[in-house]
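For reference, the structure discussed in these notes is given below.
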Amino acid sequence: MINNSNKQDKPLVLISRCLGFKPCRYDGSIIEFNQLKELKKSFILKPICPEVAAGLGVPRPPVKLVVLNNRKEVGYLFNNHWQIKPNILRNVIRKYLRDYNNAGGMILKEKSPSCGIKRCKYYKPPGRDFKGRTGGILIEEYNRLNLGWPLIDEISLQSNSSMEKFIADVKKFHNKDR
Ligand code: SF4
């Protein structure tokens with residue numbers, strides 16, 4: 001962790017690791033992410049992968065976001081039955097957010113039950129059809145801590161104007177007294 005009295009010139013930005021850093025997706029794939037070179041000019045990028053950090057391994061069954069008694073968890077279907085993994089991601093995500101609390105933004109893989117900002121499918125076991133879309137576990141913890149960092153997903157970053165706005169917003173946030 002770097003505290004504010006030791007502020008770096010470039011803002012620290014957390015980024016989903018499968019976006020061009022490592023093949024850490026459930027099927028061992030990586031997402032080609034051409035914007036990395038441009039982003040590295042403005043930010044120190046810290047790749048994170050909650051699912052690998054939680055010990056789920058690569059490859060792994062594709063986890064799904066589930067809502068149980070108004071609480072978000074992840075799980076997967078095995079032989080048509082839900083296997084729920086309570087708190088498995090929440091603890092590592094809290095550690096990331098604590099360890100890098102000096103960050104100024106996040107770039108996240110949309111639709112992921114772990115990293116997605118708002119378009120992750122969610123399920124209500126025992127049903128197997130998805131019920132709607134919402135933010136993943138990382139966003140829930142980020143909101144709980146009221147961090148306020150600018151956020152963006154990898155699809156939005158393909159637009160030059162959105163990229164420029166995100167860079168400006170993160171720099172502004174980084175230069176605020178916190
Ligand atoms: S979306 Fe997040 S949890 Fe899933 S592979 Fe990418 S970094 Fe890991």
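Numbering of ligands and ligand atoms starts at 1, following listing order.
- For the side-chain hydrogen bond (donor to acceptor under 3.5 Å, both in side chains) test, no residue two or more places apart in sequence or in another chain qualifies with K131.
- For F21, the ring pair (Phe, Tyr, Trp, His ring centres under 6.0 Å) criterion is met by no residue, not counting sequence neighbours.
- Of all atoms in ligand 1, numbered sequentially from 1 with element shown, those under 4.0 Å from a heavy atom of R60 are 5 (S).
- In this structure, K118 does not pair ionically with E110, as no charged nitrogen and carboxylate oxygen lie closer than 4.0 Å.
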Salt bridge (Lys or Arg N to Asp or Glu O under 4.0 Å) assessment of E73 paired with K85:
CA-CA 7 Å; E73 299 287 358; K85 301 276 184 186; over 6 Å; no
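- For K37, the side-chain hydrogen bond (donor to acceptor under 3.5 Å, both in side chains) test picks out no residue, with sequence neighbours left out.
- Counting only protein N, O or S atoms, 1 lie closer than 2.8 Å to atom 6 (Fe) of ligand 1.
- Donor-acceptor pairing under 3.5 Å is lacking for the side chains of N87 and R94.
- No part of V52 comes within 4.0 Å of ligand 1, judged by heavy-atom distances.
- Residue contacts with ligand 1: E110 is excluded, as none of its non-hydrogen atoms falls under 4.0 Å.
- A distance of 6.0 Å or more separates the ring centres of Y76 and W82.
- For the pair E51/S114, a side-chain contact is recorded, criterion being any heavy-atom separation below 4.5 Å from C-beta on.
- Contact analysis puts I48 in contact with ligand 1, with a non-hydrogen atom separation below 4.0 angstrom.
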